[in-house]
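Scroll down for the structure; my scribbles are underneath it.
In this text, all values refer to a predicted model and were calculated from it rather than measured experimentally. In listed order, ligands and their atoms are each counted from 1.
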Amino acid sequence: MGNNLLKGKRGIIFGALNPDSIAWKVAERAHEEGAKITLTNTPVAIRMGETNALAEKIDTIVIGADATNVDDLTNLFKESMEYLGGKIDFVLHSIGMSPNVRKERHYSDLDYNYLDKTLDVSAISFHKVMQTARKLDAISEWGSVVALSYVAAQRTFYGYNDMADAKALLESFARSFGYIYGRERRVRVNTISQSPTITTAGNGVKGFDRLLDFAERMSPLGNASAAACADYCITLFSDLTKMVTMQNLFHDGGFSNMGMSLRALEQYEKGLHQDCACGSANDDYPAADEHRYD
Ligand SMILES: NC(=O)c1ccc[n+]([C@@H]2O[C@H](COP(=O)([O-])OP(=O)(O)OC[C@H]3O[C@@H](n4cnc5c(N)ncnc54)[C@H](O)[C@@H]3O)[C@@H](O)[C@H]2O)c1
């Protein structure tokens, strides 16, 4: 049930691929809160995914755009303003992809063309979105731009690979662009650092099921769900958070401030008398040279 927190607001939501996507939940919640939004994704994701079904459900349109392509983004903002009938009040950047993760390249043996792609899709696209919007003066005063991040931007997580570097850059863009956009047009820019969540992108991370379990045991409130993340996004799009900008906001049940929890410790103790299998011939922890530091 909505509370009209976004009544009269116009938004653009990137990245709703299927009902598991965090952006999908955000779009549904924004609609429920009275916003009018357009949806966008890459043409191939629109063809292969379920973005059109969501558009039908919340009575809107899907505008194809590769977020790394400035012409596509220009068209997206222009078409959205035309369809929604005015400037945009909020934008959700919910985009992530790493060819190095997909192809299981080890972090100490990255393919640099893939790294370029990871950074472009997962981080630089955020800058492109803001730069394009600013040039078109497409975002209203006190508008809100949010991107989704992960705690691997600050701390090292096994298996997160070059996405960690992309997230660090993404959060930096929120500060650097947030300064300019804030001073000039009172547009606020933030990132939300979300718990591990079962989605298409999440499942691509090596050892994701164990990461999910570990984070659940470590976080006093447990892992934050995609639906809870959507609620948090709504507050940032609303007028209730007008003075929040240039922040990386942890939405992770407390995980980021934990060192060790009893639940995680007890689980760890169960395996204390067994030798760690890393470095040995084991399907889960391959002995191959390139995995020596996993
Ligand atoms: N799932 C998690 O555990 C988790 C945790 C923290 C942060 N995040 C972040 O949340 C965001 C959304 O991911 P998700 O978990 O909902 O997965 P998802 O796979 O549902 O969403 C990723 C989206 O990025 C889109 N995309 C990829 N390349 C694109 C491009 N060039 N242009 C435009 N869109 C493109 C995909 O089509 C897809 O819709 C990502 O930034 C991700 O890193 C996810």
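- Using a 4.5 Å heavy-atom threshold, the side chains of N75 and D71 count as separate.
- Nearest protein heavy-atom neighbour of atom 32 (N) of ligand 1: A67 N, 2.9 Å.
- Using modelled atom types and a 3.5 Å distance limit, the side chains of S98 and N100 yield no donor-acceptor pair.
- No side-chain donor-acceptor contact under 3.5 Å links N161 to the backbone of M163.
- Note: an N/O pair closer than 3.5 Å links A201 and ligand 1 by distance alone.
- Although no hydrogens or angles enter the test, the distance criterion places no donor-acceptor pair under 3.5 Å between the side chain of R10 and the main chain of D89.
- In summary, the atoms of ligand 1 found under 4.0 Å from a heavy atom of L148, numbered by their order in the structure, are 9 (C), 10 (O), 11 (C), 41 (O).
- At least one heavy atom of K167 sits closer than 4.0 Å to an atom of ligand 1.
- In terms of protein heavy-atom proximity, atom 21 (O) of ligand 1 is closest to G15 O, 3.6 Å.
- Closest to atom 20 (O) of ligand 1, if we only count protein heavy atoms, is S21 OG, 2.6 Å.
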Verdict with supporting geometry, T200 and N18, side chain to side chain donor-acceptor pair (under 3.5 Å): CA-CA 8 Å; T200 305; N18 57 38; 3.0 Å; yes
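- Of the listed options S149, S122, A16, S149 places a heavy atom closest to atom 6 (C) of ligand 1.
- Atoms of ligand 1 lying under 4.0 Å from any heavy atom of D66, numbered from 1 in the order shown and given with element: 30 (C), 31 (N), 32 (N).
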Check against side chain to side chain donor-acceptor pair (under 3.5 Å), Y150 and D252: CA-CA 9 Å; Y150 183 56; D252 63 358; over 6 Å; no
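- The shortest N/O to N/O separation between M163 and ligand 1 does not fall below 3.5 Å.
- Of the listed residues (T68, N41, L17, T191), the one carrying the non-hydrogen atom nearest atom 37 (O) of ligand 1 is N41.
- Residue R183 qualifies as open at atom CZ: its count of foreign heavy atoms under 6.0 Å is 12 or below.
- Ligand 1 has at least one atom lying under 4.0 Å from a heavy atom of V121.
- Judged by distance alone, the side chains of T191 and N248 do bring a donor and an acceptor atom under 3.5 Å apart.
- The distance from ligand 1 to the heavy atoms of T200 drops below 4.0 Å at these ligand atoms: 19 (O).
- Ligand 1 lies out of reach of A226, whose nearest heavy atom is not under 4.0 Å from it.
- Nearest protein neighbour of atom 23 (C) of ligand 1, counting heavy atoms only, is S94 O, 3.5 Å.
- Among residues two or more places apart in sequence or in another chain, the ring-ring contact (aromatic ring centres under 6.0 Å, His included) test is passed with F250 by none.
- Counting only heavy atoms of the protein, atom 16 (O) of ligand 1 lies nearest to I22 N, 2.9 Å.
- Proximity to T42 (heavy-atom distance under 4.0 Å) selects the following atoms of ligand 1: 29 (C), 30 (C), 31 (N), 32 (N), 33 (C), 34 (N), 35 (C).
- The side-chain heavy atoms of D111 and P99, taken from C-beta on, include no pair separated by under 4.5 Å.
- Two rings, from F177 and Y181, have their centers less than 6.0 Å apart.
- Polar contact check, A23 against ligand 1: no nitrogen or oxygen pair lies under 3.5 Å apart.
- Counting only N and O atoms by type, the side chains of Q194 and T197 include a donor and acceptor under 3.5 Å apart.
- Under a 4.0 Å criterion applied to the non-hydrogen atoms of G202, ligand 1 contributes the atoms 1 (N).
- If you number the atoms of ligand 1 from 1 as listed, the ones under 4.0 Å from a heavy atom of A45 come out as 37 (O).
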From CA spacing to verdict: side chain to side chain donor-acceptor pair (under 3.5 Å), E171, S149: CA-CA 7 Å; E171 293 177 12; S149 193; 2.5 Å; yes
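- Between the side chain of K25 and the main chain of P19, a donor-acceptor pair closer than 3.5 Å is present.
- Geometrically, ligand 1 and I95 share a nitrogen or oxygen pair separated by less than 3.5 Å.
- Distances from ligand 1 to the non-hydrogen atoms of F208 include at least one value under 4.0 Å.
- For ligand 1, the polar-atom distance check finds no N/O of N18 at less than 3.5 Å from any of the ligand's N/O atoms.
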S125 and H93: CA distance, side-chain angles, deciding distance, side chain to side chain donor-acceptor pair (under 3.5 Å) verdict: CA-CA 9 Å; S125 63; H93 178 287; 2.8 Å; yes
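- For ligand 1, the polar-atom distance check finds an N/O of T197 within less than 3.5 Å of one of the ligand's N/O atoms.
- The backbone N or O of K242 sits nowhere less than 3.5 Å from a side-chain atom of R186 that would complete a donor-acceptor pair.
- For ligand 1 and G96, the ligand atoms under 4.0 Å from any heavy atom of the residue are 24 (O), 40 (C), 41 (O).
- The residue S193 has no part lying near ligand 1, judged by heavy-atom distances below 4.0 Å.
- Of all the atoms in ligand 1, the ones that sit under 4.0 Å from a non-hydrogen atom of P196 are 3 (O).
- Among protein heavy atoms, atom 15 (O) of ligand 1 sits closest to T199 OG1, 2.5 Å.
- Contacts between S195 and ligand 1 below 4.0 angstrom, taking non-hydrogen atoms only, involve the backbone exclusively.
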